[in-house]
Amino acid sequence: MQPATLSGLVAGAYEAAHAPDRWGDFVVALERALGGGAALLFLRRPAASDAGLLVAPSLQAAFLERYESRDFAFDPFEPALSKLPVGGVACPVPDEGLVASRFHDEWMEPQGLLSEGLLLGLVERDERHGTAALVAFRRAGVRSWGARERRLIRSLLPHLRHALRLQREVCHVDAERGALASALDRLALGLLLVDRDGLVHAANRAAERVLAARDGLRIEAGALTAADPADATRLRQAFQSGSTEVFPLARPSGLRRYEVVVAPLPVEPTGLDADAPVAAVYVTDPEAPLDTPDEAVQRLFGLTPAEAALATELTAGYSLAEAAERLGVTRETARSRLKQIFAKTETGRQAELVRLLLMSPACCSGSHGP
């Protein structure tokens, strides 16, 4: 075994950990290193309630689908695999039962896979994530595998285990980031994460709407800046100050000014993340309409649909008279409903009611879409 062969395979495994679509390249490279045949990598072996995750570019897709759905239950190599320790390699000797088995006749033979010379390697056995394994099949014309090939598989297994765990961590972080981004998109408050130079690393949907308006805040060369030179200077200083800065920000349109808070993030420099976000920029647009669904208000506070509609209008900043007109009811009807709302929300004044609604999760239940 040439060192370059093993090192290249190891590098391929770690590349696949960061880019899962590269696992197929790794398996093909392993087949070449073995001198031919077909390799089947189980990132997660199938089970009765789980189709698993299989990588086998040299095998036919239809047979892989069959294996995932039902043929795994007839796999005669499962007993040998279950006896292996993590990191172990086996080369089971076929018996008459295998040669005459349904799995051999319906799955192996149609793909030209031989019963002799099979190599099994156990990557990982984990109660939560299932079993990860590597299986290499010989085909006609491929020379018999011996100690060299077993050493190759055995040397790869620890790296495959680490690569698989790394992939899980990367996937977990990506899923977590996606979930957080989705949650932040539901907020009416704009949020941007910036580094010391003001370069924007992330922005929620409310912040994107503010930037799209180009009315006082915008991005230039990837950095957050303001239309007014004094505000732009104040922003740059706030990114690097390490303390919380609060200030209004002028809008060329003449609309009410944005309210901006720049707050430092608890980032510990490691020397490898010099461009990491160091501050969160919170932006409130006083002119933006609130998205507080009537249904959410109704369910949270036990209101009727009519009461919830009135409460939502008041939260949007309308007076009781204006809300009555918008809803097409008399002022007397609006006053009567407001008394019922006060009773159900345990409030006594309109300002107290509006504050309660604005602080409630109802403001996060809308889509806040574009």
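Keep in mind it's a predicted model, so treat the numbers as computed, not measured.
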(request) Supply the atom-to-atom distance Ile153 CD1 to Arg148 CZ, rounded to the nearest 0.5 angstrom. (result) 10.0 Å
(message) With side chain to side chain contact (heavy atoms under 4.5 Å, CB included) as the criterion, how do Leu265 and Val278 come out once you've worked through the C-alpha distance, each side chain's angles and the decisive distance to 0.1 Å?
(response) CA-CA 5 Å; Leu265 296 173; Val278 298; 5.7 Å; no
(message) Can you tell me if Arg355 has over 12 outside heavy atoms packed within less than 6.0 Å of its CZ?
(response) no
(message) Can you list everything that forms a salt bridge (charged side-chain N to carboxylate O under 4.0 Å, His left out) with Asp228? Sequence neighbours excluded, please.
(response) none
(request) Evaluate the ring planes of Phe103 and Trp107, with Trp represented by its six-membered ring, and classify them as parallel (under 30°), tilted (30 to 60°) or perpendicular (over 60°). (result) parallel
(request) Working to the nearest 0.5 Å, report the span between CG of Leu134 and CG of Leu43. (result) 10.0 Å
(request) Taking all heavy atoms of Val297 and all of Ala311, pick out the closest pair and write down the distance. (result) CG1-CB, 4.2 Å
(request) For Gln111 and Leu59, indicate whether the former's side chain and the latter's backbone hold a donor-acceptor pair under 3.5 Å. (result) no
(request) List the steps, then state whether side chain to side chain contact (heavy atoms under 4.5 Å, CB included) holds for Phe301 with Ile341. (result) CA-CA 9 Å; Phe301 299 102; Ile341 295 171; over 6 Å; no
(request) Group every Ile, Leu, Val, Met, Phe, Trp and Tyr by side-chain heavy-atom contacts under 4.5 Å, then state whether Phe63 and Val28 land in the same group. (result) no
(request) Tell me, please, which residues at least two apart from Arg331 pass salt bridge (charged side-chain N to carboxylate O under 4.0 Å, His left out). (result) none
(request) With sequence neighbours left out, write down each residue that passes side-chain contact (heavy atoms from CB on, under 4.5 Å) with Ala181, or none if nothing qualifies. (result) none
(message) Can you tell me how far apart CG (Asp215) and CD (Glu287) are? Round to the nearest 0.5 Å.
(response) 9.5 Å
(request) Sequence neighbours left out, what passes side-chain contact (heavy atoms from CB on, under 4.5 Å) with Arg236? Give chain and number order. (result) Ala232, Thr233
(message) Looking at every non-hydrogen atom in both residues, tell me the closest pair between Ala323 and Glu313 and how far apart they are.
(response) CB-CB, 3.7 Å
(message) Does atom CZ (Arg70) have a neighbourhood of more than 12 heavy atoms from anything else shown, all under 6.0 Å?
(response) yes
(request) Take Asp285 and Arg251 through the test side chain to side chain contact (heavy atoms under 4.5 Å, CB included) and record every step on the way to the result. (result) CA-CA 10 Å; Asp285 180 1; Arg251 301 170 72 169; 2.7 Å; yes
(request) Go through the structure and list residues passing salt bridge (charged side-chain N to carboxylate O under 4.0 Å, His left out) with Arg234, not counting sequence neighbours. (result) none
(message) When you compare the side chain of Pro46 with that of Tyr67, does any pair of heavy atoms fall below 4.5 Å?
(response) yes
(message) Are Leu314 and Leu300 connected into the same hydrophobic cluster when the rule is that any two of I, L, V, M, F, W, Y join if their side-chain heavy atoms are below 4.5 Å apart?
(response) yes
(request) Just jot down the salt bridge (charged side-chain N to carboxylate O under 4.0 Å, His left out) partners of Asp50, sequence neighbours excluded, or say none. (result) Arg44
(request) Can you tell me which residue pairs pass the side chain to side chain donor-acceptor pair (under 3.5 Å) test with a partner in residues 337-346, sequence neighbours excluded? (result) Glu307-Lys344, Thr345-Thr347
(message) When you compare the side chain of Leu118 with that of Cys91, does any pair of heavy atoms fall below 4.5 Å?
(response) no
(message) Let me check something: do Leu114 and Met108 share a hydrophobic cluster, defined by ILVMFWY side-chain heavy atoms less than 4.5 Å apart, either directly or through other members?
(response) no
(message) Going by side chain to side chain donor-acceptor pair (under 3.5 Å), name the residues that satisfy it together with Ser144, two or more places apart in sequence or in a different chain.
(response) none
(message) If I compare all heavy atoms of Leu54 with all of Ala51, which pair ends up nearest, and what's the gap?
(response) CD1-O, 4.0 Å
(request) Check whether any side-chain heavy atom of Leu310 lies under 4.5 Å from a side-chain heavy atom of Leu320, and answer yes or no. (result) yes
(request) Could you tell me whether a side-chain N or O of Glu352 sits under 3.5 Å from a main-chain N or O of Gly348, the two making a donor and an acceptor? (result) yes
(request) Could you tell me which non-hydrogen atom of Arg139 sits nearest to which non-hydrogen atom of Gly112, and how far apart they are? (result) CG-O, 3.2 Å
(request) Kindly compute the distance separating CD (Gln350) from CG (Leu338), expressed to the nearest 0.5 Å. (result) 6.0 Å
(message) To the closest 0.5 Å, what do you measure between CD (Gln298) and OG1 (Thr312)?
(response) 9.5 Å
(message) Are the side chains of Leu81 and Leu84 in contact, using a 4.5 Å heavy-atom criterion?
(response) yes
(message) Just verifying a value: how many Å separate Arg214 CZ and Ser253 OG, rounded to the nearest 0.5 Å?
(response) 13.5 Å
(request) Go through Phe26 and Leu160 one step at a time and tell me if the side chain to side chain contact (heavy atoms under 4.5 Å, CB included) criterion holds. (result) CA-CA 10 Å; Phe26 166 81; Leu160 284 173; 3.6 Å; yes
(request) Kindly indicate whether the side chain of Glu149, heavy atoms from C-beta on, has any atom under 4.5 Å from the side chain of Arg143. (result) yes
(message) Does atom CD (Glu325) have a neighbourhood of more than 12 heavy atoms from anything else shown, all under 6.0 Å?
(response) no
(request) Check which hydrophobic residues are tied to Phe239 through side-chain heavy-atom contacts below 4.5 Å, counting indirect links as well, and list them. (result) Leu192, Val194, Val200, Val210, Leu211, Leu217, Ile219, Leu224, Leu235, Phe247, Leu249, Tyr258, Val260, Val262, Val281, Val283
(message) Keeping Ser82 on the side-chain end and Pro79 on the backbone end, is there a donor-acceptor pair under 3.5 Å?
(response) yes
(request) Please tell me if the side chains of Leu152 and Trp145 come closer than 4.5 Å, counting only heavy atoms from C-beta onward. (result) no
(message) Do Gln167 and Cys171 make a side-chain contact, defined as non-hydrogen atoms from C-beta onward lying under 4.5 Å apart?
(response) yes
(request) Answer yes or no: is there an ion pair linking Glu124 with Arg161, defined by an N-O contact shorter than 4.0 Å? (result) no
(request) Hey, could you give me each pair passing salt bridge (Lys or Arg N to Asp or Glu O under 4.0 Å) that has a residue in residues 58-68? Not counting sequence neighbours. (result) Arg66-Asp71, Arg66-Glu106
(message) Per the side chain to side chain donor-acceptor pair (under 3.5 Å) rule, what does the pair list look like for residues 171-183, sequence neighbours excluded?
(response) none
(message) With a 4.5 Å cut-off on side-chain heavy atoms, are Tyr282 and Leu187 touching?
(response) no
(message) According to side chain to side chain donor-acceptor pair (under 3.5 Å), who are the partners of Glu78, at least two apart in sequence or on a separate chain?
(response) Arg45
(request) Say whether Leu156 and Leu53 are linked into one hydrophobic cluster, either directly or through other cluster members, by side-chain heavy-atom distances under 4.5 angstrom. (result) yes
(request) Looking only at non-hydrogen atoms, find the nearest pair between Pro277 and Leu193 and report the distance. (result) CB-CB, 4.0 Å
(message) I'd like to know if the side chain of Arg256 reaches the main chain of Pro286, judged simply by a donor and an acceptor atom lying under 3.5 Å from each other, with no hydrogens or angles considered.
(response) yes
(message) Taking Leu6 as the starting point, is it possible to reach Leu30 by hopping between hydrophobic residues whose side chains are less than 4.5 Å apart?
(response) yes
(request) Could you tell me which non-hydrogen atom of Val27 sits nearest to which non-hydrogen atom of Pro57, and how far apart they are? (result) CG1-CD, 3.6 Å
(request) Could you tell me whether Phe42 and Phe72 have their ring centroids closer than 6.0 angstrom? (result) no
